[in-house]
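Owing to the predicted nature of the structure, the values given are computational and were not obtained by experimental measurement. Within every chain, numbering begins at 1; the chains are lettered A, B, ... in the order of the sequence lines, protein sequences first and strands thereafter.
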Number of protein chains: 2
Amino acid sequence: MARLVAERADAIPLLAEAFREFGFEGASISRLCKRTGLGKGSLYHFFPGGKEEMAAAVLESVQHWFAGTIFQPLETLPPAEAVNGMIDAVADYFQSGRRICLVGAFALDGTRDRFAPALNGYFTQWHKALAIALQRAGLPPAEAESASLDTLVTIQGALVLSRALDSEQPFRAAMEQVRQRLSVAWRGP
Amino acid sequence: MARLVAERADAIPLLAEAFREFGFEGASISRLCKRTGLGKGSLYHFFPGGKEEMAAAVLESVQHWFAGTIFQPLETLPPAEAVNGMIDAVADYFQSGRRICLVGAFALDGTRDRFAPALNGYFTQWHKALAIALQRAGLPPAEAESASLDTLVTIQGALVLSRALDSEQPFRAAMEQVRQRLSVAWRGP
DNA sequence: TTATTCCTGTACCGATCGGTAAAATTTTTA
DNA sequence: TAAAAATTTTACCGATCGGTACAGGAATAA
């Protein structure tokens, strides 16, 4: 019994990497079998809903990780610490631009329509959490909201450009720019 | 003779929309047939290299359109005019965030490796052209380069967020922010 | 008008697609 | 240890995949 849960959970990060690499449409069941080391039967045993359930589980897991590691600290830790922690965690998670954001990637093609609520929720939660941190740091609500959105935009755009140019430089530069821009919240304009 | 060229060219925008909607992997030949109104025979007659040649032709056509409409004006027109023209053209082309950037989308999954030079070329040319305009407007080379890169990052990220949140608002806000940020080039800091 | 070239529709290929069924095996529970 | 449940293997399904072959129709050139 414990084994089922443990192994289903263990499959999720492997599925995530496969979806990252091939996209939702490009990730065929046979590829997902190879990546997870599970046969078709096992995979469908864990995810009776097939590929769609696998992707949903992956998105849920990503969202959960971000909620615990990034969103929640943004709402509770001292703002400067939380924001800088977010930037470090994001740079680490996305491997300085070499690893893509699954949520962002899903948003860019027809896959979006299948998972619209999950994609919306991920960015909405992030946006809200960051805006709260910036408000706590002293930014007026409107500025906090717009700086928060701008930050998410910059992160996602940096991932696109780092991938397209096959270089960590755009991502690294963007992250430092984000750090500077957000620091006005506690250092004043 | 003239008919062949004309119809092959006419197929490209239709193929482009199909690739935008389904992604490269999700765009099956039968879907591409439906969208273009061409049978398999005709499609393979125009693009003997199959789907890969179709996507390459689409990317080339996109690149060509941007070169003429955006990159070239950036290098020749008066800077302020060129930059504002770029922003307007981009907002129009991407339908205020409802239409994705094919190049950006291709960069985010395994499709990138097939078309790496095209993706790199598109962003590199854009980046250079914008940096040149900003330098001509009076920005020091280093600032021009970083402001140019930041602009492309913001545009791509805005497309991701507008799609994910299913709203034009993030894109519109980002474009106005870009307009403001770049105006320091000719208005001074 | 004839010959040639260009274009299209149809049928077909093997491979792979997502998904199912059930037997066989392992693991857990009693 | 025996029964029950969880898990994996294997074979298989119809549909669709990307791609090819080719015959016939349509336009163009001679």
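Between A:Ala27 and A:Phe22 the shortest heavy-atom distance is N-CB, 3.7 Å.
In this structure, CZ of A:Arg8 is placed 13 Å from P of D:dT8, rounded to the nearest angstrom. When rounded to the nearest whole Å, the span between CZ of B:Phe47 and C1' of C:dC6 equals 16 Å. Regarding A:Leu43, its CG atom lies at a distance of 13 Å from the P atom of C:dT20, rounded to whole Å. Computed from coordinates, the A:Tyr44 OH to D:dA11 P distance equals 19 Å when rounded to whole Å. What separates NZ of B:Lys51 from C1' of C:dT16 is a distance of 13 Å, to the nearest Å. Put simply, NE2 on B:His45 is 7 Å from P on C:dC6, counting in whole angstrom units. Between the NZ atom of B:Lys40 and the C1' atom of C:dT10 there is a distance of 11 Å, rounded to whole Å.
Within the 4.5 Å cutoff, no side-chain heavy atoms of B:Gln177 are placed close to those of A:Val153. A 4.5 Å side-chain heavy-atom check between B:Ile100 and B:Gln156 finds every atom pair outside the cut-off.
Checked for salt-bridge contact, B:Glu21 and B:Arg31 miss the test: no charged N lies under 4.0 Å from a carboxylate O. A salt bridge is absent between B:Glu75 and B:Arg136; no separation between the charged side-chain nitrogens and carboxylate oxygens falls under 4.0 Å. Taking 4.0 Å as the cut-off between side-chain N and carboxylate O, A:Asp109 and A:Arg114 do not count as a salt-bridged pair.
Scanning residues 21-35 of chain B for heavy-atom distances under 4.0 Å to DNA chain D yields B:Ala27, B:Ser28, B:Ile29, B:Ser30.
In this pair, A:Trp126 and A:Tyr122 present their aromatic rings perpendicular. The plane angle is above 60°, beyond the 30 to 60° band. Taking the six-membered ring where tryptophan is involved, the planes of A:Phe19 and A:Phe106 are perpendicular, since the angle between them exceeds 60° and thus also 30°.
Scanning for side chain to side chain contact (heavy atoms under 4.5 Å, CB included) contacts around B:Leu14 gives B:Thr36, with sequence neighbours left out.
Residue A:Gly41 is in base contact, counting any heavy-atom pair closer than 4.0 Å across all strands shown.
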Worksheet item: How would DNA chain C look in dot-bracket form, 5' to 3', counting Watson-Crick and G-U wobble pairs with both distances under 3.5 Å and writing | for bases paired to another strand?
Response: .||||.||||||||||||||||||||||||

